[in-house]
Undergrad: 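I am attaching a structure below and will ask some questions about it afterwards.
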Amino acid sequence: MPSKPTVFVLVFSFLIGIALSIGTWNMNFWPSDERSYYYDAAIQVPHLKHISEIHKSLDTDRVKWLHGKEMFILSCSIMQGLMNDYDSLRPLTLVCVISICLSAMLLFFIARFYWGPTVALACYVIFVTSFWPYSYILFVKHQPLGLFYFLFSLFLMQSVLTTRLRKILYLFSGFFLCSAIHASTVATLYLPFYLAAFLYQQKLNHEKEKNIFRTLKDFILAGLLIMAGFGGSFIYFNYPDVLYNITSYLRYVEISGSFNHFYYNQPVLQQWFDVAKINRAGWIWVIKYFLIIMPVLFPFYGLSLFYLLVCPQVRSPGSKRKIGWYYLSIFGLIFLSATPVLLAEIKKVAQYGANYFPAMLGILLLVGYALFMLFNSQWFFRLKTGAKRSVVALLCLILFGHTIWNGYIFLTDIYPCRLVTTFLSQELKKLGINHVYTYHYHPQRANVVDNLDPQLLKDKLQLVFVDNIYQVPEGYIIVPPMTGNSIYIGATSKYNDYYSDIYFNELMRKGIVSKYAVASYQTLASSRIWPHEEEILSYRYLILNQFPQDDIQQGKDRVWVLAAQKLLQDIKSNMPPEEYVNAVLKGLRMIGRKDTLYAYEGDSHSLDRPMILQRFPTRVFKVGEPTDGLRLYLYKVDEAQPMWVPYGPDFVSEVVPASKIPRDESGKDANGKNVSFGFGKDLLLVPGPYLFVIYRTGPHDDQNFYKIYMENPDQLERDINKTATPFIKKTL
């Protein structure tokens with residue numbers, strides 16, 4: 001008969017699974033990795049002779065996304081077949097839901113083996129009431145499946161001591177350990193935990209056998225069986241090109257640290273810091289991120305660590321271990337709990353949340369051990385009943401605070417921000433319309449509008465594309481998030497506002513968008529949690545303190561459904577000011593303002609013949625009294641990927657001080673000449689595309705900044721055309 005804690009864990013896990021399945025049933029693609037890679041790869045699996053063949057259609061020199069995720073792809077493919085669903089996100093989401101629920105149960109059983117049911121139940125409750133695991137269900141990432149297979153391999157190893165199957169379970173334990181590594185790339189960070197558990201189990205076996213030779217024999221046999229199981233799984237996932245797949249996997253791991261978003265976003269990031277010297281924040285980021293993602297658990301981890309260090313007398317009654325041995329074991333356990341982060345920092349992986357998810361298991365390890373030592377300590381046993389109850393009540397209060405705070409963040413931030421297209425689809429159904437207007441070239445249209453309920457788009461709703469809100473004759477227009485601070489476009493973002501609709505910008509400037517809205521919803525750009533799944537935004541928010549609070553207050557982060565008739569009624573009173581008009585009609589862009597509207601993103605030029613670049617002239621003038629200067633940066637297209645990278649070691653011009661920059665709006669000095677940016681040496685430019693970007697050398701300032709005229713006539717013409725009225729007339 002199962003114990004009450006066991007029954008509670010099984011029933012509660014089942015209920016969580018049902019709730020998550022219902023809550024994510026109508027969740028749509030972003031699209032993100034799950035759409036771009038996992039979904040298409042899963043559909044291919046039934047047609048492949050070997051699972052490793054999924055790499056052939058997707059691998060390039062620097063894109064090897066599916067290595068270390070083969071089991072995840074296979075599991076998603078099996079779920080697609082079981083559900084007979086090859087169109088929606090549900091099979092992939094369900095794999096993640098089942099993985100988290102089973103992981104929670106396994107965590108309880110494993111912790112019970114080490115510390116008993118009370119501590120095991122505490123660890124279980126901490127896990128299932130933390131929002132971090134559920135974020136990867138909503139993200140549809142491979143981390144949940146990697147965690148499940150690792151915990152399952154650990155559970156099988158423990159079962160050698162508790163079941164009749166005995167040593168054959170080592171074989172299956174090794175198999176599923178390798179499956180974990182092929183389910184999620186971050187699962188390799190669990191390996192120190194597995195090694196420690198294996199050595200501890202052999203210690204228990206020795207204490208039982210009392211025979212050194214039999215212990216050694218069991219140790220060797222167990223190791224061989226684990227390696228055999230591991231090897232069988234490894235061959236299955238990498239056959240027939242084993243060597244190629246190994247090298248590709250190692251190459252993928254290297255890419256994560258070297259060719260990350262810092263590398264590909266260099267032209268944009270240069271305005272905030274020297275990208276050549278900075279591509280991650282190290283331990284400062286880790287600590288700040290953990291305080292956000294584990295707001296109660298991480299401080300409690302620190303408290304547990306402190307407790308174990310300052311209380312050497314906290315040991316089981318009757319134990320005669322010396323203080324030195326106690327501290328040695330405690331330091332070893334602390335080190336073990338931190339190994340996922342230590343290994344991540346040694347390897348210098350890209351710093352975003354998913355890469356650090358294994359750290360949660362290490363934190364639970366130390367917290368569980370600290371609770372075990374507390375409840376079995378001599379001083380705790382000597383406490384009076386009232387004092388014991390006070391200690392337990394304090395721990396329960398902390399757990400309650402953990403639960404409430406995590407639940408609040410999940411229900412008000414993580415869940416609604418991710419389910420925005422579901423909520424938006426439901427609102428459009430309520431409106432009973434058969435068409436809706438939206439921007440044609442908005443960078444976040446694909447994430448918000450194109451990924452509404454696919455059945456709605458297929459059966460009823462027609463999208464009509466416009467360039468500005470006053471091209472809509474009637475009905476409703478969907479306006480995606482205007483801010484560029486969004487993980488929707490993390491790899492390609494300029495981090496500037498969408499400026500093409502001069503008329504909507506005026507509504508935003510006045511703060512009256514809500515007056516014309518029938519609905520609006522939070523998006524991923526609204527969240528304080530989701531941005532940390534993209535390394536640049538996380539770095540900016542945590543290290544540079546650039547969280548866009550003003551954008552959120554103005555509503556630039558939200559998706560809006562606007563009523564065309566209300567907009568048309570006030571069209572005359574909402575015409576934009578001359579500054580905005582000039583920005584569009586004259587091609588003026590801003591350099592060095594905190595407000596990112598109409599920010600200068602650079603000018604691209606394509607050469608059809610070689611040339612020597614000595615100086616780069618352009619029309620630029622200053623506003624207010626800036627005291628710094630301007631510097632030009634030159635970029636070319638990367639040889640391996642279509643991304644802008646520095647031209648070479650001499651890609652930065654000399655500084656042009658503010659004193660030499662004219663105030664005249666013509667952008668020319670007293671002699672009628674443009675401002676000229678010179679380089680330290682002549683640069684040879686071969687035929688091909690180049691990007692010229694100018695940034696100020698000092699801090700951003702909305703009062704003292706610079707304006708520059710775009711040198712791209714095609715872009716200027718497109719911007720002007722997007723302001724065109726009267727209203728569009730289309731056959732619907």
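We number each residue from 1, following the sequence as shown. Quantities reported herein were computed from a predicted structural model and do not represent experimental measurements.
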Undergrad: Considering only heavy atoms from C-beta outward, does the side chain of Gln271 approach that of His700 to under 4.5 Å?
TA: yes
Undergrad: Name all residues meeting the side-chain hydrogen bond (donor to acceptor under 3.5 Å, both in side chains) criterion together with Tyr476; count only those two or more places apart in sequence or in a different chain, and write none if there are none.
TA: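 With neighbours one apart ignored, the set is empty.
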Undergrad: Look at the aromatic rings of Tyr149 and Phe176 and report parallel, tilted or perpendicular, splitting at 30° and 60°.
TA: parallel
Undergrad: Taking ring-ring contact (aromatic ring centres under 6.0 Å, His included) as the criterion, tell me which of Phe273, Tyr495, Trp285 meets it with Tyr539.
TA: Phe273
Undergrad: Looking at Lys288 and Leu542, would you say the former's side chain and the latter's main chain have a donor-acceptor pair under 3.5 Å?
TA: yes
Undergrad: Ignoring hydrogens and geometry, is there a side-chain-to-backbone donor-acceptor pair from Glu534 to Ile536 under 3.5 Å?
TA: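 Checked: pair present.
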Undergrad: Could you tell me if the side chain of Tyr190 sits less than 4.5 Å from the side chain of Leu154, heavy atoms only?
TA: no
Undergrad: Checking Tyr264 against Thr492 for the side-chain hydrogen bond (donor to acceptor under 3.5 Å, both in side chains) test, could you report, in this order, the C-alpha distance in whole Å, the side-chain angles of both residues, the deciding distance, and whether it holds?
TA: CA-CA 8 Å; Tyr264 287 129; Thr492 58; over 6 Å; no
Undergrad: Can you sort out the partners of Trp272 under side-chain hydrogen bond (donor to acceptor under 3.5 Å, both in side chains), two or more places apart, ordered by chain and number?
TA: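 In terms of side-chain hydrogen bond (donor to acceptor under 3.5 Å, both in side chains), with neighbours along the sequence ignored, Trp272 is linked to no residue.
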Undergrad: Side-chain contact, heavy-atom cut-off 4.5 Å: Phe155 with Phe113?
TA: no
Undergrad: Ring centres of Trp530 and Phe139 under 6.0 Å apart?
TA: yes
Undergrad: Is a salt bridge present between Glu345 and Arg280, judged by a nitrogen-to-oxygen distance below 4.0 Å?
TA: yes
Undergrad: Could you check whether any side-chain N or O of Ser526 sits under 3.5 Å from a backbone N or O of Thr523, counting only pairs where one atom can act as donor and the other as acceptor?
TA: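 At least one qualifying donor-acceptor pair exists.
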Undergrad: Kindly state whether the ring of Tyr439 and the ring of Tyr498 have centres lying under 6.0 angstrom apart.
TA: yes
Undergrad: Please confirm whether the ring centroid of Tyr289 lies under 6.0 Å from the ring centroid of Tyr356.
TA: no
Undergrad: For the backbone of Tyr352 and the side chain of Glu533, can you confirm whether one donor and one acceptor N or O come within less than 3.5 Å of each other?
TA: no
Undergrad: Do NZ/NE/NH1/NH2 and the carboxylate oxygens of Asp450 and Arg445 come within less than 4.0 Å?
TA: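 Answer for the salt bridge query: yes.
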Undergrad: Are His402 and Phe300 side-chain neighbours, meaning at least one heavy-atom pair lies under 4.5 Å?
TA: no
Undergrad: Should Ile98 and Leu102 count as side-chain neighbours, where that means a heavy-atom distance under 4.5 Å?
TA: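 Contact flag for Ile98/Leu102 side chains = yes.
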Undergrad: Can you tell me if Thr421 and Asn28 form a side-chain donor-acceptor pair at under 3.5 Å?
TA: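 Yes - a donor-acceptor pair under 3.5 Å links their side chains.
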Undergrad: Please evaluate residues Phe372 and Thr118 with respect to the criterion side-chain contact (heavy atoms from CB on, under 4.5 Å), reporting the C-alpha separation (whole Å), side-chain torsions for both, the decisive distance (0.1 Å), and the verdict.
TA: CA-CA 9 Å; Phe372 171 75; Thr118 301; over 6 Å; no
Undergrad: Are Thr483 and Asp551 close enough that a side-chain donor and a side-chain acceptor fall under 3.5 Å?
TA: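 Distance-only check passes for Thr483 and Asp551.
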Undergrad: Is it true that the NZ or CZ of Lys69 lies under 6.0 Å from the centre of Tyr38's six-membered ring and within 45 degrees of the ring axis?
TA: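 Because its charged atom misses either the 6.0 Å distance or the 45° angle limit, Lys69 does not stack over Tyr38.
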Undergrad: Is it true that Lys594 and Asp550 have a side-chain N and a carboxylate O under 4.0 angstrom from each other?
TA: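 Salt bridge between Lys594 and Asp550, a charged N being under 4.0 Å from a carboxylate O: no.
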